[in-house]
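Just so we're clear, the structure is a prediction, and the values are computed from it rather than from any experiment. Side chains are part of it too, since the values below use all heavy atoms of this structure and drop only hydrogens, waters and symmetry mates.
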Amino acid sequence: MSRRDGRALRGREELVADVVVVGSGPAGAVVARELATAGLGVVVVEEGPWIEAADHPADALGAMALSYRGMGAQVVLGRALMPLVQGRRVGGSAAINGAICWRLPRDVHADWVAQDPALADALPWTELEEVTDRVEAELGVAPTLPEIAGPKNLLLARGADALGLAHRPIRRNVRGCAGLGRCLQGCPAGHKQSPEVAQLPEALARGATLLHDVEVVGLAHARGRVQGVAARAAGGGTVVVRAPRVVLAASAVQTPGLLLASGLSQGPVGRHFQCHPGVSMAGRFPEVVRAWEGATQGHEVIGLRREGLKFEALGHPAGVLASRVPGVGRALGRAVADLDHWADWGVAVRSRTEGRVRRVLGRTVVTWSPSADDVRQFRRGLQVLGELFLAAGAERVAPHVAGLPATLATPAEVAALAQGPRRASAYQGAITHLFGTCRMGSDPRRAVVRPDFRHHHVDGLWIADSSVFPSNTGVNPQVSIMALATICARRMLAA
């Protein structure tokens, strides 16, 4: 295994490779593994740290300081400041997500092909399905077992049953999960099959080199051809990796930011940013829930997916859950003392709204504002969440909407959420699942990469992460990112 810690690099380092991969999340780890297995010399460069499973903190603040970009305080700029949740570590965001696995929906693929018919041959559905089968098999993707689900997940199922909404145990990439409830901090037992567990060790065993705590600051290129990357090590040193091929897999934010920082602004780089904004609601049950235990996210309600709404149980550390209960002063103290009776559930919205990634004063900045339709979906989603809680037996719910009562306890009060505030800033939300800033397509005026993942204007440059997705998928993208990254590696090897 060849792994080098950038905190120990203080001078100048030069490496030579066949391919350099920027990013070690779901896309980067898969590409690195596939190319190393084929015999290519691969160097993976990761900005964040390598973290052993046993070193994952149990507390939210420690985990955010260690594994999250900007300690989890990164925000999008717009009419409503919303946290933009990303990992910054080996394994990327997959190492600190809820392990939720969805295949790329057939209707989403059909939409992509309708927008650009060239994608029918470039990303044939049969190949996507074959590759996804392989990804799911190697990750151990399977429905959450009831014995490790915990009450927060089983109660969501009870509420969905009562309302007649389609629901199911969440399919997760875990092996031997013990329901520790620590997915968002990083699994302390290594049960979650995220990239640092599932793909990177194999890539390293096949000869790849991983540089962690090393931030790529620019792409070297000349006369329309990429030549490698320049990077800065956490220890203060500089790193140059010379390679005739570069794969960007740094996310739908950092990948366009790196292109722009390197003077590669051809095509709609940074435009068409899409995401899943989400809002959540807490509910108080008469029985003990202990929502920080059991599978972090083990159940989902999918009956309204075609409306662009997907509901999930949330498994926060106790410190985060305490911020979701209502009250101030003594009232808050009483609610926190009663914390084991509270659960928090959320709804992800398939937003059609587009934003943009820019470089401003040397920093990568995301601008995005919820549309009126997004806010309508927030209201609708919170109404359904309230109905789910009450149907599951909750005594009251806390909607966290400015201008509304701190708690609601009757069906009529919950129904009124559909007529809630029209301003986006009234809602407490967060953004996950990022897409579209380096779109794939056949027209270089409308796309950054070709249908085979190659940059339209720079030879030797490929992009493999969700920035190439032509649109928001409406579901958790981890598996589809890995599937497309596998196809990207295939196209590289065939080129």
Side-chain angles (χ1 to χ4, degrees), residues 75-85 155-156 159-160 162-167 273-284 297 299-314 316 323-327 342-355 368-392 394-433 472-476:
V75 297
V76 297
L77 303 180
R79 290 189 297 274
L81 294 180
M82 299 180 73
L84 175 66
V85 182
L155 286 167
L156 179 56
L163 297 182
L165 288 173
H167 63 96
F273 171 87
Q274 289 190 306
C275 61
H276 291 158
V279 291
S280 66
M281 175 182 287
R284 202 273 180 190
Q297 293 186 266
H299 210 86
E300 60 189 355
V301 178
I302 58 175
L304 300 178
R305 187 184 77 82
R306 293 299 183 123
E307 293 185 22
L309 299 172
K310 189 166 77 69
F311 303 85
E312 302 164 350
L314 305 176
H316 300 302
S323 71
R324 303 297 299 152
V325 299
W342 286 84
D344 197 31
W345 299 339
V347 55
V349 172
R350 187 187 182 190
S351 172
R352 308 282 182 171
T353 309
E354 294 187 351
W368 182 86
S369 292
S371 67
D373 187 61
D374 294 329
V375 176
R376 181 187 64 79
Q377 291 286 70
F378 294 167
R379 297 196 302 270
R380 168 72 168 144
L382 287 171
Q383 177 193 359
V384 174
L385 280 173
E387 293 170 350
L388 286 164
F389 268 116
L390 295 185
E395 300 169 328
R396 60 185 181 275
V397 298
H400 297 284
V401 179
L404 296 186
T407 59
L408 310 173
T410 69
E413 291 172 338
V414 165
L417 286 168
Q419 306 302 319
R422 266 50 176 176
R423 67 185 190 282
S425 59
Y427 298 86
Q428 295 183 18
I431 286 173
T432 56
H433 311 154
N472 187 328
T473 66
V475 298
N476 307 71

| field | From L385 atom CG to L417 atom CG, the distance as rounded to the nearest 0.5 Å | value | 9.5 Å
| request: Indicate the atoms forming the closest heavy-atom contact of D344 with H316, along with that distance. | output: OD2-NE2, 3.0 Å
| message | Just verifying a value: how many Å separate R396 CZ and T410 OG1, rounded to the nearest 0.5 Å? | response | 13.5 Å
| field | Student check: side-chain heavy atoms of V76 and I431 closer than 4.5 Å | value | yes
| message | Out of the candidates V401, L404, V414, only one should pair with L382 under the side chain to side chain contact (heavy atoms under 4.5 Å, CB included) rule; please name it. | response | V401
| said: How long is the straight-line distance from CD of E413 back to OG1 of T407, given to the nearest 0.5 Å? | reply: 7.5 Å
| Would you call W368 and D374 a side-chain contact if the rule is heavy atoms closer than 4.5 Å? | yes
| request: Measure the OG-CE distance between S425 and M82 for me, rounded to the nearest 0.5 Å. | output: 11.0 Å
| task | Could you tell me the separation between the CD atom of E395 and the CG atom of L390, rounded to the nearest 0.5 Å? | result | 10.5 Å
| field | Validation row: R305, V475 side chains within 4.5 angstrom (heavy atoms) | value | yes
| remark: Scanning both residues in full, the closest heavy-atom pair of N476 with E312 reads OD1-OE2, 3.5 Å
| Shortest non-hydrogen contact from Q274 to T353? | CG-O, 3.7 Å
| said: Which heavy atom of P399 sits nearest to which heavy atom of L408, and what is that distance? | reply: CG-CD1, 4.0 Å
| task | Evaluate side chain to side chain contact (heavy atoms under 4.5 Å, CB included) for V347 paired with V384, printing each intermediate quantity in order. | result | CA-CA 9 Å; V347 55; V384 174; over 6 Å; no
| message | Measuring only between side-chain heavy atoms, which start at C-beta, is R79 closer than 4.5 Å to V375? | response | no
| message | Looking at every non-hydrogen atom in both residues, tell me the closest pair between P370 and A424 and how far apart they are. | response | CG-CB, 3.8 Å
| said: Any heavy-atom pair between the side chains of N472 and H276 that's under 4.5 Å? | reply: yes
| remark: For T473 and R350 the tightest heavy-atom approach is C-NE, 3.7 Å
| If we only count heavy atoms from C-beta on, is the E307 to R380 side-chain gap below 4.5 Å? | yes
| task | Kindly say whether P421 contributes a backbone atom to a donor-acceptor pair with the side chain of Y427 at under 3.5 angstrom? | result | yes
| query | Under 4.5 Å between any side-chain heavy atoms of V301 and L163, yes or no? | reply | no
| task | Give a yes or no on whether the ring-centroid distance for F311 and W345 is below 6.0 angstrom. | result | no
| To the nearest 0.5 Å, how far apart are OG in S351 and NE2 in H433? | 14.0 Å
| said: Less than 4.5 Å apart, side chain to side chain, heavy atoms only: is that true for R324 and W342? | reply: no
